[in-house]
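Residues take their numbers from the sequence shown, with the count starting at 1. Start at 1 and go down the list; that is how both ligands and their atoms are numbered. The shown structure was predicted, so the numbers you read here are calculated from the model rather than taken from an experiment.
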Amino acid sequence: MTTVGKDLDRLATHARLQEMAKSPYDLTAPNSLTPERIASYRCRAAGIDLLYATQRVDEPTLDTLQLLADESGVINQFLAMKKGAVLNRIEGYESENRQVLHTACRDIFHPPAQAPEASKQATDELAKLRDFLTELDDNLLLNDKGEPFTDMIQVGIGGSDLGPRALYIGLAAHLLPNRRVHFISNVDPDDAHAVLQELDLSRTLVNVVSKSGSTLETLTNEELVRTAYSKAGLDPNHYFLAVTGTGSPMDNPDRYLRSFYMFDYIGGRYSATSMVGLVMLGFAVGYDAVIEILLGANDMDRAAEEPEIRKNPALLLALFCVWNHNFLGSETMAVLPYSQALLRFPAHLQQCEMESNGKSISREGEPLRYDSGPIIWGEPGTNGQHAFYQLIHQGTTIVPAEFIGFRKSQYSQDIMIKETTSQDKLLANLLAQSLALATGQKNDNPNKRFSGNRPNSIIIADRLTPYSLGALLALYESRIVMQGFLWNINSFDQEGVQLGKNLANRLLTHLAGRRKDPSYHGGDTDLAGWAMLKAAGLMDDEQE
Ligand code: G6Q
């Protein structure tokens, strides 16, 4: 089953939106943000509210965005994806040619599953995980000295690190007693050293996560950590777990205490709800919390099937991105969580969005005639307010923003000062920023003038919990793939990272060659690479 899309600029609605973009809704006009508008420009799914009165849209724009969604068949493509269509492909060219079934990992609550085989594989892995966690909880699985494990190191990079790490930090308030997780991702040896030096290795499990089982950074770090265990007199095979693709070079259960699997049809950056994230999260927050994450994600996945844009937050967010980016001309987008626990969520979204949608050819291999994915960036508020918000408010570039907040704090440990809690202060700031960006401020002094009309949305839920975090993750995953459908690009491969990897390997060949044989000269075959090594001072004896 394959699904072919249509280029954005070949849709009839494209020209209509271009026309509308000449005079978008003016948020600075008197009475533009009426209480009725604020109350009604709101959409809810899986416990998450999306407030969008501060976007530059009105009823005619929304109606036309609805037509755009219908005409591009975005929801049909989303449904096809969930049922196992081969969407990771470029028509007529060599490509990964795979299904895209991360949603199947959580389609386990409402049988029959949409992609039954994939959901069955997810359920089987979950059962293995539950057994493993029960052994740990019941002290049936102990270290060589008969003590329980208290720590875990996750070794992985990219999709095998960012999403899982963002979720772990997001759920630190839910940690089981005496459980902590640490991450080693960078091949920078200092990253590993900093983690290893503070741990009692004898009570630490190591979860090596690599779908391909062949990633340089991860394999290097695995060896580094294995060496540390051996030096400490510990047998690494009694401490190391693997999460990998079936048949990968890491699929070697003899080397690991346990092996868990993820599958070809789950892309790295979409893999946080596969074993890539769940083994570590199960250790940290327990199996029940893992199920809650999956439930939240599945509820949002189901809500994302809704064809009416006003009832589908993922689709609305995707359409606002296209509206702001392709029609109103913004180049970047800020994700601004008003929650310290979401510290690494923007970093995860950066990968998810930019690796997925940083493309310049269509699914037919043709150069795009319009922009695809924006640059994504962000930091938690209110800290960001004291850093880069100046540019968002008064800079020459318009940065559409997405604020994320929660009505209640995670720990409920708060202080009342001047009749308001810290949580009140946090949320008042979030709402104030949204209003300030939208409405701006007139002033005779140009230095104190705010132009306004800076579009933004608010995503708000009751509290950051395993359920709401699962729903939030799925909200973003779905909006990112929907944007890809609207742009008619393949959001599921990442050929753009290959060239740098290949060149790094070539440079490593030179370094190794020189280390083995001082007369080795790589400049014969690689003038530029060799010259770069010399200029950087990595070929000391060749310095002029
Ligand atoms: C994500 C990418 C990439 C990948 C890493 C790690 O979609 O494919 O970030 O996750 O390169 O790959 P492995 O899991 O195979 O080590």
With a 4.5 Å heavy-atom cut-off, do V290 and L133 have their side chains touching?
-> no
Indicate yes or no: does an N/O atom of K211 lie under 3.5 Å from an N/O atom of ligand 1?
-> yes
Is there at least one protein heavy-atom neighbour under 4.0 Å from atom 12 (O) of ligand 1?
-> yes
Does any N or O in the side chain of D235 come within less than 3.5 Å of the main-chain N or O of N237, such that one atom is a donor and the other an acceptor?
-> yes
Is the Lys NZ or Arg CZ of R255 less than 6.0 Å from the centre of F240's six-membered ring, within 45° of the axis?
-> no
Looking at Y256, is R226 sitting on its ring face, NZ or CZ under 6.0 Å from the six-membered ring centre and within 45 degrees of the normal?
-> yes
Nearest-contact summary for atom 5 (C) of ligand 1 - protein heavy atom, Å = I157 O, 3.5 Å
Numbering the atoms of ligand 1 from 1, which are under 4.0 Å from a heavy atom of T215?
-> 12 (O), 13 (P), 15 (O), 16 (O)
Should the pair D124-K120 be classified as a salt bridge under the 4.0 Å nitrogen-to-oxygen rule?
-> yes
Relative to the ring of Y270, is the ring of H102 parallel (under 30°), tilted (30 to 60°) or perpendicular (over 60°)?
-> parallel
Give yes or no for whether the N/O distance cutoff of 3.5 Å, strictly under, is met between V209 and ligand 1.
-> no
Ranked by distance from atom 9 (O) of ligand 1, the top protein heavy atom is Q351 NE2, 2.7 Å
In the protein, which heavy atom is nearest to atom 1 (C) of ligand 1, and how far is it?
-> E355 OE1, 3.0 Å
Protein contact to atom 10 (O) of ligand 1 [nearest heavy atom, distance to 0.1 Å] = G159 N, 2.9 Å
Do F345 and Y476 have ring centroids that are under 6.0 Å from one another?
-> yes
Is there a nitrogen or oxygen of R269 sitting under 3.5 Å from a nitrogen or oxygen of ligand 1?
-> yes
